[in-house]
Novice: 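Just dropping this structure here.
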Amino acid sequence: MSKDAVYKTQHDAQQDAKDTAQNQVSAKKAGAKRTRIGVKRWITPFFKQYRGSLALALFLGVLTFVFAAALMFSSGYLISKAAEAPDNIMVIFLPVALVRIFGVGKPLLHYLERLVSHDWILRMTSKMRLGLYTVLEKDAIFFKKRYKTGDILGLLAEDIGHIQNLYLRSIFPTIVAWALYVLVIIALGFFSLWFALYMALLLAVIVFLVPLVSVLINGARQTRRKVMKNDLYEQVTDNVLGVNDWIVSGRSSEYVQAYQGSEKALRKVDSLLNTSTRRRDLILQVLFACVIISLLLWAGEEFGGSRAGIANWIAAFVLGFFPLIDAFAPLSAASIETNKYRDSIDRLGDLPSNNINEELFQGALQAPFVIECKQASFMFHDGINNVLDELDLTIQAGEKLAVLGRSGSGKSTLATLLRGDLTPTKGSITLNGIDSSKLGDSISDYVGVIQQQTYLFNTTLAENLRIGNSSATDEELWDALEQVGLSYLVNRLPDGLDTLVDEAGLRFSGGERHRIALARVLLHKVPIVILDEPTVGLDPVTEQALLNTFFTTMKDKTIIMITHHLQGVSCMDKVIFIEDGKLTLSGSPEELAKTNPFYQRLQAFDRGEY
């Protein structure tokens with residue numbers, strides 16, 4: 001190999017190493033930014049909102065340990081003093097009274113501390129869950145596009161609970177332990193400054209050094225365990241949802257082997273963590289033993305010898321420290337779990353803003369209902385390009401509009417904007433002059449949606465229909481079923497309206513599920529209905545029959561049909577075509593069929609002539 005080649009190889013290796021280092025630095029900065037965003041959105045607001053309850057809980061927590069230590073201190077003094085067999089009972093009257101006071105006060109304070117802290121935690125997490133559900137609800141239309149089901153299960157099942165435990169198992173005990181550490185050193189300083197400094201160093205090893213070392217040793221393992229567990233969530237969810245494809249392909253054993261491999265790797269990490277935890281606990285026990293022995297020796301030196309009359313103070317000081325072990329011991333475990341909490345905060349930080357206090361329109365809109373898009377543009381968070389670009393469109397009351405376009409052209413995004421689930425990046429989309437996004441949940445009083453896949457819940461058919469109108473009577477349900485052509489089918493079911501629908505409504509065909517969705521809309525009695533490609537996956541005969549049902553039962557409503565082909569378009573008043581987010585074609589079906597070459601080509605493609 002020539003010198004130039006060797007130099008080039010070395011240079012490339014150095015450059016690769018430099019790029020790797022830069023990528024790691026960038027990843028750390030990005031991770032730190034995600035953590036800051038997560039803390040700002042999901043921790044700080046609730047921390048400030050309930051700071052009074054938090055302060056009270058911390059005060060009660062510290063006071064509980066103070067009373068516990070005082071109880072053992074008084075008990076130690078009392079036992080030692082009583083062992084001297086005093087002639088006068090009044091000599092031990094005060095220690096007896098203190099034992100009773102601290103004995104009653106300690107469980108009472110502990111109960112009040114649990115009551116206040118858990119009330120504060122439950123209030124905080126209820127607001128947090130409300131914020132999470134609000135974020136997910138806003139993205140409901142794009143749920144499967146933006147999120148993995150396993151990720152959402154992880155958020156709902158673990159991450160909110162992790163942040164709850166961040167307070168209960170990490171922040172709260174750490175602050176209480178630090179406060180007790182200061183109080184212990186101050187208390188010992190009244191007796192001996194040098195011993196107070198010695199105990200400050202020894203306890204600092206327990207309170208600060210051991211937790212820090214635990215984080216350095218096990219932090220990466222804890223983070224890795226969390227990532228592996230989330231991966232298992234995703235893997236199991238993904239493969240369970242696609243189990244039919246695994247079975248049909250004859251490769252189900254591969255999935256089982258892959259899952260077992262992941263489980264084995266997770267168990268290995270768990271084993272390393274457990275081993276490290278046992279070693280850490282052993283070190284802590286040795287350190288606590290050193291503290292007890294130091295107290296015993298110091299108390300014997302301080303109060304023994306010529307001052308043997310008050311040697312009972314030895315038991316008081318030694319026993320008084322034992323309750324504080326319960327405050328200092330959990331710090332190392334709490335420090336390790338912060339990595340798990342950080343990961344949860346990062347995952348929540350990746351979600352859009354959870355502003356649940358946005359100003360919404362209050363009041364009722366009056367007919368006729370007119371939708372206007374004025375220079376409406378929309379861009380997703382990636383900021384690559386506009387999904388919709390300066391769209392101008394007016395939809396009059398009662399108008400039937402077909403929205404055509406290729407996949408990814410922005411049709412479904414337009415439907416979501418019309419529903420107010422998204423807000424235009426620029427421009428506006430209004431219903432009777434009110435921004436649709438400001439109507440909040442009341443938008444469902446005016447706009448109904450029949451989507452590509454209608455979901456039926458695992459309950460009775462009647463309850464599935466009453467999603468459209470919770471107060472609908474059985475007579476109204478039958479009337480809606482008659483209009484959509486399902487009354488005969490339901491009459492033949494063993495339990496009629498009380499028939500249990502299988503999970504996801506699998507006992508019904510695709511066309512039947514769409515008719516049930518239409519029945520929901522009819523029961524809801526909304527003036528505007530969006531059909532978001534409702535006939536995808538249906539055969540031509542079923543598709544045409546379903547469209548006929550739609551247009552017949554909703555002839556007095558505004559219909560906006562999102563579609564990728566021309567089936568049923570002839571029944572519409574107006575057709576528009578969206579290409580790369582822009583409106584490139586607009587007119588009535590008859591007019592476009594006669595005068596527009598592009599629309600004529602679309603018709604030819606739809607008939608299979610090309």
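All residue numbers in this chain count up from 1 along the given sequence. Computation of the quantities below employed the complete heavy-atom set of this structure, encompassing side-chain atoms and omitting hydrogens, waters and symmetry-equivalent molecules.
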Novice: Step by step, work out the side-chain contact (heavy atoms from CB on, under 4.5 Å) result for Ser412 and Asp532.
Specialist: CA-CA 7 Å; Ser412 294; Asp532 190 1; 3.4 Å; yes
Novice: Got a second to check how far Ile429's CD1 is from Lys374's NZ, nearest 0.5 Å?
Specialist: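 It is 12.0 Å, given to the nearest 0.5 Å.
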Novice: In the structure I gave you, are the side-chain heavy atoms of Leu477 and Arg466 within less than 4.5 Å of one another anywhere?
Specialist: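 The answer is yes; the side chains approach within 4.5 Å.
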Novice: Ignoring hydrogens, what is the shortest heavy-atom contact between Val370 and Ala397? Give both atom names and the distance.
Specialist: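 Taking Val370 first and Ala397 second, the nearest heavy atoms are CG2-N, 4.4 Å.
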Novice: Please confirm whether the backbone N or O of Val484 pairs with a side-chain atom of Arg515, one donor and one acceptor, at under 3.5 Å?
Specialist: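 Indeed, once roles are kept as given, a pair shorter than 3.5 Å links the two residues.
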Novice: What is the distance from atom CZ of Arg406 to atom CD of Glu579, rounded to the nearest 0.5 Å?
Specialist: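 That separation rounds to 4.0 Å.
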Novice: Would you say His524's side chain and Tyr446's backbone share a donor-acceptor pair under 3.5 angstrom?
Specialist: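 A pair under 3.5 Å: no.
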Novice: Taking the side chain from Thr552 and the backbone from Asn548, do they hold a donor-acceptor pair closer than 3.5 Å?
Specialist: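 Checked: pair present.
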Novice: Looking only at non-hydrogen atoms, find the nearest pair between Met561 and Leu547 and report the distance.
Specialist: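 Heavy atoms of Met561 and Leu547 come nearest at SD-CD2, 3.9 Å.
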Novice: Look up atom CG in Leu566 and atom CG in Leu404, then write down how far apart they are to the nearest 0.5 Å.
Specialist: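 If we round to the nearest 0.5 Å, Leu566:CG and Leu404:CG are 5.5 Å apart.
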Novice: What is the ring orientation for Phe598 with Phe577, classed by angle as parallel under 30°, tilted 30 to 60°, or perpendicular over 60°?
Specialist: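 Perpendicular, since the angle between the ring planes exceeds 60°.
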Novice: Tell me, with the steps shown, if Leu602 and Leu592 meet side-chain contact (heavy atoms from CB on, under 4.5 Å).
Specialist: CA-CA 11 Å; Leu602 289 178; Leu592 294 173; over 6 Å; no
Novice: Please check: side-chain N/O of Lys400 versus main-chain N/O of Gly398, any donor-acceptor pairing under 3.5 Å?
Specialist: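 Confirmed, Lys400 side chain pairs with Gly398 backbone.
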Novice: Got Lys574 and Ser588 here, is their nearest side-chain heavy-atom distance under 4.5 Å?
Specialist: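 Not in contact.
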Novice: Taking atom CG of Asp392 and atom NZ of Lys582, what is their separation to the nearest 0.5 Å?
Specialist: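 It is 10.5 Å, given to the nearest 0.5 Å.
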Novice: Can any side-chain N or O of Asn464 pair as donor or acceptor with the backbone N or O of Phe457 at less than 3.5 Å?
Specialist: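 Here the side-chain-to-backbone pair exists.
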Novice: Is there side-chain contact between Leu431 and Ile443, with at least one heavy-atom pair below 4.5 Å?
Specialist: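 Of all side-chain heavy-atom pairs linking Ile443 with Leu431, at least one is under 4.5 Å.
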Novice: Would you give the length of the straight line joining atom CG of Asp498 to atom CG of Asp474, rounded to the nearest 0.5 angstrom?
Specialist: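 Between Asp498 CG and Asp474 CG, I get 7.5 Å after rounding to 0.5 Å.
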Novice: Is the closest side-chain donor-acceptor distance between Ser436 and Arg419 under 3.5 Å?
Specialist: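 There is no such pair between these side chains.
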Novice: Assess the side chains of Gln600 and Asn596: does a donor N or O sit below 3.5 Å from an acceptor N or O?
Specialist: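 Not at all, the side chains of Gln600 and Asn596 share no donor-acceptor pair under 3.5 Å.
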Novice: Taking all non-hydrogen atoms of both residues into account, name the closest pair between Leu522 and Ala480 and its distance.
Specialist: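 Here Leu522 and Ala480 meet closest at CD1-O, 4.4 Å.
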Novice: Can you confirm whether Leu418 sits close enough to Ile560 that some side-chain heavy atom of one is under 4.5 Å from a side-chain heavy atom of the other?
Specialist: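 In contact.
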Novice: List the steps, then state whether side-chain contact (heavy atoms from CB on, under 4.5 Å) holds for Met554 with Leu518.
Specialist: CA-CA 9 Å; Met554 299 188 295; Leu518 175 57; 3.6 Å; yes
Novice: For the backbone of Thr563 and the side chain of Lys411, can you confirm whether one donor and one acceptor N or O come within less than 3.5 Å of each other?
Specialist: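 Between the backbone of Thr563 and the side chain of Lys411 there is no qualifying donor-acceptor contact (under 3.5 Å).
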Novice: Determine the minimum heavy-atom distance between Ser586 and Ile576, stating which atoms define it.
Specialist: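 Residues Ser586 and Ile576, closest heavy atoms: OG-CG2, 3.8 Å.
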Novice: Can you check whether Val447 reaches Ile530 side chain to side chain, under 4.5 Å on heavy atoms?
Specialist: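 Result yes, sub-4.5 Å side-chain heavy-atom pair found.
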Novice: The criterion is salt bridge (Lys or Arg N to Asp or Glu O under 4.0 Å); which residues satisfy it with Glu476, sequence neighbours excluded?
Specialist: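 In terms of salt bridge (Lys or Arg N to Asp or Glu O under 4.0 Å), with neighbours along the sequence ignored, Glu476 is linked to no residue.
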Novice: Is the side chain of Thr460 donor-acceptor paired with the backbone N or O of Leu500 at a distance under 3.5 Å, no angle test?
Specialist: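 No, the answer is negative, given that no donor and acceptor are paired below the 3.5 Å cut-off.
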Novice: Can you tell me if Thr430 and Asn432 form a side-chain donor-acceptor pair at under 3.5 Å?
Specialist: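 Short answer, no.
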Novice: Donor-acceptor check, side chain of Glu482 to backbone of Asp479, threshold 3.5 angstrom: yes or no?
Specialist: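 Absent.
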Novice: Measure across Gly448 and Val526 and return the closest heavy-atom pair with its distance rounded to 0.1 Å.
Specialist: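 Distance-wise, the nearest heavy atoms are N-CG2, 3.6 Å.
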Novice: Please check if the side chain of Asp435 supplies one atom and the backbone of Ser437 the other of a donor-acceptor pair under 3.5 Å.
Specialist: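 Judged by distance alone, no pair lies under 3.5 Å.
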Novice: Can you find a pair of side-chain heavy atoms, one from Lys426 and one from Phe378, that are under 4.5 Å apart?
Specialist: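 When only atoms from C-beta onward are counted, Phe378 and Lys426 do not touch, as no gap falls below 4.5 Å.
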Novice: Do the side chains of Leu393 and Glu372 get nearer than 4.5 Å, heavy atoms only?
Specialist: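 Heavy-atom side-chain distance check fails, nothing below 4.5 Å.
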Novice: How long is the span from the CG atom in Leu465 to the CG atom in Leu461, to the nearest 0.5 Å?
Specialist: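 So the CG of Leu465 and the CG of Leu461 are separated by 4.5 Å.
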Novice: Could you walk me through whether Ile578 and Thr584 pass the side-chain contact (heavy atoms from CB on, under 4.5 Å) test, one step at a time?
Specialist: CA-CA 6 Å; Ile578 298 178; Thr584 59; over 6 Å; no
Novice: Which of these passes side chain to side chain contact (heavy atoms under 4.5 Å, CB included) with Phe550: Ile450, Val521, Ile559?
Specialist: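 Passing option: Ile450.
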Novice: Within a strict 4.5 Å, meaning less than it, do heavy atoms of the Thr425 and Leu388 side chains meet?
Specialist: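 Heavy-atom side-chain distance check fails, nothing below 4.5 Å.
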Novice: Minimum heavy-atom separation for Ile434 to Leu439, with atom names?
Specialist: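 Heavy atoms only, the tightest pair is CG2-CD2, 3.9 Å.
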